[in-house]
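If you're wondering where the values come from, they're calculated on a predicted model, not measured in any experiment. In each ligand, atom 1 is the first atom listed, and ligand 1 is the first ligand listed.
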Amino acid sequence: MATYDLILENGTVWTPAGPVETSVAVQGEQVAGLGLSGDAGERVDCTGLLILPGVIDSQVHFREPGLEHKEDLESGSRAAVLGGVTAVFEMPNTNPNTDSAEAVADKFARARDRMWCDHAFYVGATSGNAERLAELERIPGTAGVKIFMGASTGDLLVSDDRELARVLASGHRRVSIHAEDEARMNERLGERVAGDPSSHPVWRDDESALRATKRILGLAHAAKRRVHVLHVTTPAELELLAQHKDIATCEVTPQHLTLAGEEAYPRLGTHAQMNPPIRSGAHRDGLWRWLNQGVVDIVGSDHAPHTKEEKAKPYPASPSGMPGVQTMLPLLLHHVAAGRLTMARLVDLTSAGPQRVWGLVGRGRIAAGYLADFSVVDPKARWTVTADRLASRAGWSPFEGMELTGRPVGTFVRGRQVMWEGQLAASAHGRPLHFEDTSFSGGRAHTG
Ligand code: DOR
């Protein structure tokens, strides 16, 4: 009889063919197979639970180096695995910015044996490093290049078409875009009302987002370069992006799918402030409409922690961004329970989608030979989001007090049980992700 390291049994496994009541056997870091019988070093009883492919959050800000009072790679990744996330792509607006080979190497060194989940780091585009990006994006474990077309937290910014064309001409991998039009936002600074964060989406209006997305699509076609538009907030952009699937993929966030400005700004004040902004209920409903048309490729959290003290500054001195890596999967499960989303689409948006968009090696599905990354969830559990459950150093969530149906129960990263019922493993062993585009740049792709 075969012996496996680990068998998850009695649960419902989300296979490429959909949900199957079977077991998953793990040998080393990989799935050995489904429904295999054998002995196991360890058995995990998943009665009543769903075993999903590991959730990949392809947009988080973990703030290290330089802004560790908000978050660091350890605390951010601890929040991730407590929320059922097995891998993250981390953003470059740190201090210093992650815009050089040295800065990327420094992040990987800091992450080793401190991050709880697997990870990739983005390289930030600047007008100063444009020519070097072709080389920087090939560093194994990087998620490619990120462009801020509009200024947000930090000073990364590439806003005019000539500079954007230089960045897009340098390299080949898909480029991630924060699409807000800097020139329009500068013209509209007077729209901000002191002390009133509900003016944030008036200042950074629909047209700011749509104009930037239109521009980047034009530039991407001209450069023959694939792009990924992050945190899309307007139905008009999704309508446009639906006409450009040859070259562009896109993301929406759980907060834009959950919060409506009419109620969020009065209730949450600056805690609802982020870029691009939380907009109206009609926008939120429009995002759902296009998501359910299949246009949206990925849901990412844009986990962007700031402390309560920072958020307490009066608008517009208050910083933009909200934590979310730990609440992403719970909110999506809640939307499934409420009938707004199917479980199949949740899996598509959180694992298969990131795998497809980014060409991740060995991830994104539960199948023999793939890495054994699992998010084990109880789709029926009811619970309330409270600050004491949250690991982010931010110490707050815009979803505090919300009663949710659906809860992450366990997180397995490459066969290792990292979290079960809120308890963490003894130590952190996250490793860099591997991408098809760079997997032959060094080492065997699978083994991290
Ligand atoms: O609201 C935001 N916060 N949007 C961004 O693009 C950046 C992020 C941050 O880093 O705080």
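In summary, the atoms of ligand 1 found under 4.0 Å from a heavy atom of N93, numbered by their order in the structure, are 9 (C), 10 (O). Near H306, the atoms of ligand 1 lying under 4.0 angstrom from a non-hydrogen atom of the residue are 11 (O). Close approach to R63 involves these atoms of ligand 1, each under 4.0 Å from a residue heavy atom: 9 (C), 10 (O), 11 (O).
Taking the six-membered ring for Trp, H200 and Y265 have ring centres at least 6.0 Å apart. In this structure, H231 has its ring center closer than 6.0 angstrom to the ring center of H178.
At a threshold of 4.0 Å, the pair D72-R393 counts as salt-bridged, since one of the basic side-chain nitrogens sits closer than that to a carboxylate oxygen. Taking a cutoff of 4.0 Å between a charged side-chain nitrogen and a carboxylate oxygen, R174 and D437 do not qualify as a salt bridge.
Defined by atom type and a distance below 3.5 Å, a donor-acceptor pair is present between the side-chain atoms of D206 and H283.
Considering only non-hydrogen protein atoms, atom 4 (N) of ligand 1 sits nearest to N275 O, 2.8 Å. In terms of protein heavy-atom proximity, atom 3 (N) of ligand 1 is closest to S320 O, 2.9 Å. Summary of contacts: the protein heavy atom closest to atom 7 (C) of ligand 1 is S152 OG, 3.3 Å. Protein heavy atom in closest approach to atom 8 (C) of ligand 1: A304 CB, 3.6 Å.
Between T153 and ligand 1, a contact under 3.5 Å exists for at least one N or O pair. In terms of polar-atom proximity, F148 is not counted as a contact of ligand 1, lacking any N or O under 3.5 Å from an N or O of the ligand.
Residue-level proximity to ligand 1 for M274 is carried by backbone and side chain together, each with a heavy atom below 4.0 angstrom. Counting heavy atoms under 4.0 Å from ligand 1, residue M322 does not touch it at all. Only side-chain heavy atoms of H178 come within less than 4.0 Å of ligand 1; its backbone N, CA, C and O stay farther off.
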Show which side-chain atoms of residues 332-339 pair as donor or acceptor with protein atoms under 3.5 Å away, not counting sequence neighbours.
from, atom 1, to, atom 2, distance (Å)
H334, ND1, T405, N, 3.0
H335, ND1, R340, NE, 2.9
H335, ND1, R340, NH2, 3.3
H335, NE2, T258, OG1, 2.9

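The two residues H69 and T307 come nearest to each other via the heavy atoms O-CG2, 3.5 Å.
With F435 as the aromatic partner, R173 meets the cation-pi criteria of under 6.0 angstrom to the ring centre and within 45 degrees of the ring axis.
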